[in-house]
Amino acid sequence: MTAVEVRGLRKSYGEVEAVKGVDFDVAPGETFGFLGPNGAGKSTTIKILCTLAKADGGSARVAGFDVATQRNDVRRHIGLVFQDPTLDTYLSAEMNLRFHAELYGMPRETVAPRMEQVLRMVGLWERRTSKVLTFSGGMKRRLEIARGLMHSPRVLFLDEPTVGLDPQTRASIWDYIHELRQQEQITIFLTTHYMDEAENCDRIAIMDEGKLVALDTPAALKATVGTDRVTIRTADDQAALAVLEDAVLTPDGIVISVEDGESYVPRLFGTLGVPITSVSISRPSLDDVFLSYTGRTIRDSEQAPARPVMLAAMAGRR
Amino acid sequence: MTAVAAVRVPQRAFALDLRAVKIVVQRDLIRTLQDRTRFVAALVQPLLFLFVLGSGLGSLTRGATGSLDLKTFMFPGILATSTLFTAMFSAVSIVWDREFGFLREMLIAPVRRSSIILGKALGGATVATTQGILVLALAPFVHVPLTVGLGLTLLAEVFLLSFTLTALGLAIVSRIRQVQTVMGLMQVLLLPLSFLSGALYPLSNLPTWLSIVVRLNPLTYAVHPVRTAVFNHLQVSDSVRALLNPPITWNGWIVPTWLQLALVASIGLSLMAVAVRQFQQVE
Ligand SMILES: Nc1ncnc2c1ncn2[C@@H]1O[C@H](COP(=O)(O)OP(=O)(O)O)[C@@H](O)[C@H]1O
Ligand SMILES: [Mg+2]
């Protein structure tokens, strides 16, 4: 059974067509990323999948249940971490989780062990009795993730899990997400507008202006826009050039375009016959992928034209 | 780390909804315990009314109230209206929750919205009734002979009243997004509601316009049973009783206490239904 199944989904807010008919499937156990600039329609899609908003057209099933007709079944089987905080900061971390456990009707005897498990996972066990308002931004986000996992959902939705956090905290949140993938048999569906974070996903869907423009593994997406570039410096560039195919001499050194840089380089050392003094491999980035599919970089789309859209999105969320 | 705890949420819908109601109430109680300042502050105004106004005006009205201390007369009204602020505040707190995001955590849960709203209304009523207990403790100081029976009757009536008030608050705030707005609105609403309920003056000999407005105010039907219960335990002459606790009449017909309470309860339930419907439409 697919974890998430979306067919022809569309949603408008008045004049604004936020989601313009998207189709995709997410397999169980997969970490699936929605990548796109602000205003692309990522949060809207997540809200529909989580039964928080009604679609205008199309259908979606999550954990086998229809989001339009089996709302409570969907809700029982998903965990949610929203873009905006949803903790009661006047309660302790523990009480926030207990509240959640009761609302989700967890069997009583499972609450305490599960709470310890998820709090340890996000490194907040020692702080469980502190009020949430004493927590840093990163700790709050981790607590939200722990709470989303509390009732052992099949699918965990994370809407911009690292937005507004400093790079170090972002990295640590990702460590927790990776750990989570190993410990729980769970499907993770997340959105981000950070390219580097999308790399962490098994598959990425690139969304732009309400439509999916690409969907594949990060490697495959990057392969569609070009090959790896291996740059080497050698003791004798001319001799090296004579041996290599498809190589050009640049001020940075000799640049060779190959399919798979990582396996190419060891072979190169064996076959070149000229001493190599330095090697670097550069790959096409997801930025290049986004550029090739949308005609602009993600940073461009964040700026000028999307600004008013972004503000509207912020106002619309409250 | 242990293996994945196999936690799956079970299906028993009714038991689940009941647990949701309970935890929402419990949270309100915890929050109240944490914020004791507000809890006590809410008592200041009624106490000022009772002891300062009651004592100050007492000398003026001594002739009119016969042997009865004005404070004794005012006590039931104060008991009833002291819950107003607290009950309304419980409703306001849901706007607070919305502004700080926590409402979403509640609304996304796999339980009926009505459980959440019912939990809020019961939470407000519980906190307000607890406050009522504190006011009740003052009974001996204003010459009200408190018995267990009277105390329980009064608390039950206070509970009903504050449930209805919280439901009113919830129906009002369901579409409001900012705490500031709703605070202002409550200020505007609370004083007229209590001033026009007969909580602070007897219903006898009112000017016609006021006697009409008072009869239209639902709060009147919650205050009157409270006062009647107190007066039933007082040793006063029939003339004083007729002056200070006259029955409520509709076009000459005496409205019995049970009907008044039933009226308050049905208004409360209707308002709950309105609030639930409103919150059902919220994303
Ligand atoms: N509640 C709302 N009311 C009106 N417009 C909205 C609302 N939510 C989102 N939108 C609009 O829908 C579009 C997509 O927004 P959103 O899904 O939040 O994008 P993203 O999460 O990718 O940044 C934007 O143009 C936004 O202004
Ligand atoms: Mg978003």
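Just so we're on the same page: letters track the sequence lines, and every chain starts at 1. As the structure is a computational prediction, the values presented were derived from the model and not from experiment.
Heavy-atom neighbours of B:Arg31 CZ from other residues, nucleotides or ligands within 6.0 Å: above the threshold of 12.
The contact between B:Val24 and chain A is made by backbone and side chain atoms together, counting heavy-atom distances below 4.5 Å. In this structure, chain A has a heavy atom under 4.5 Å from the side chain of B:Gln34, while its backbone stays farther away. Heavy-atom distances place the side chain of A:Leu80, and not its backbone, under 4.5 Å from chain B. For a residue to count as touching a neighbouring chain, one of its non-hydrogen atoms must lie under 4.5 Å from one of that chain's; by this rule B:Ile108 touches chain A with backbone and side chain alike. Proximity to chain B is limited to the backbone of A:Leu87, based on heavy atoms less than 4.5 angstrom apart.
Relative to the six-membered ring of A:Phe135, A:Arg127 misses at least one condition, a distance below 6.0 Å or an angle of at most 45° to the axis. With A:Tyr176 as the aromatic partner, A:Arg142 does not meet the cation-pi criteria of under 6.0 angstrom to the ring centre and within 45 degrees of the ring axis.
Here the two rings, on B:Phe102 and A:Phe99, have centers that are under 6.0 Å apart.
No hydrogens or angles considered: a donor-acceptor pair under 3.5 Å links the side chains of A:Arg147 and A:Thr86.
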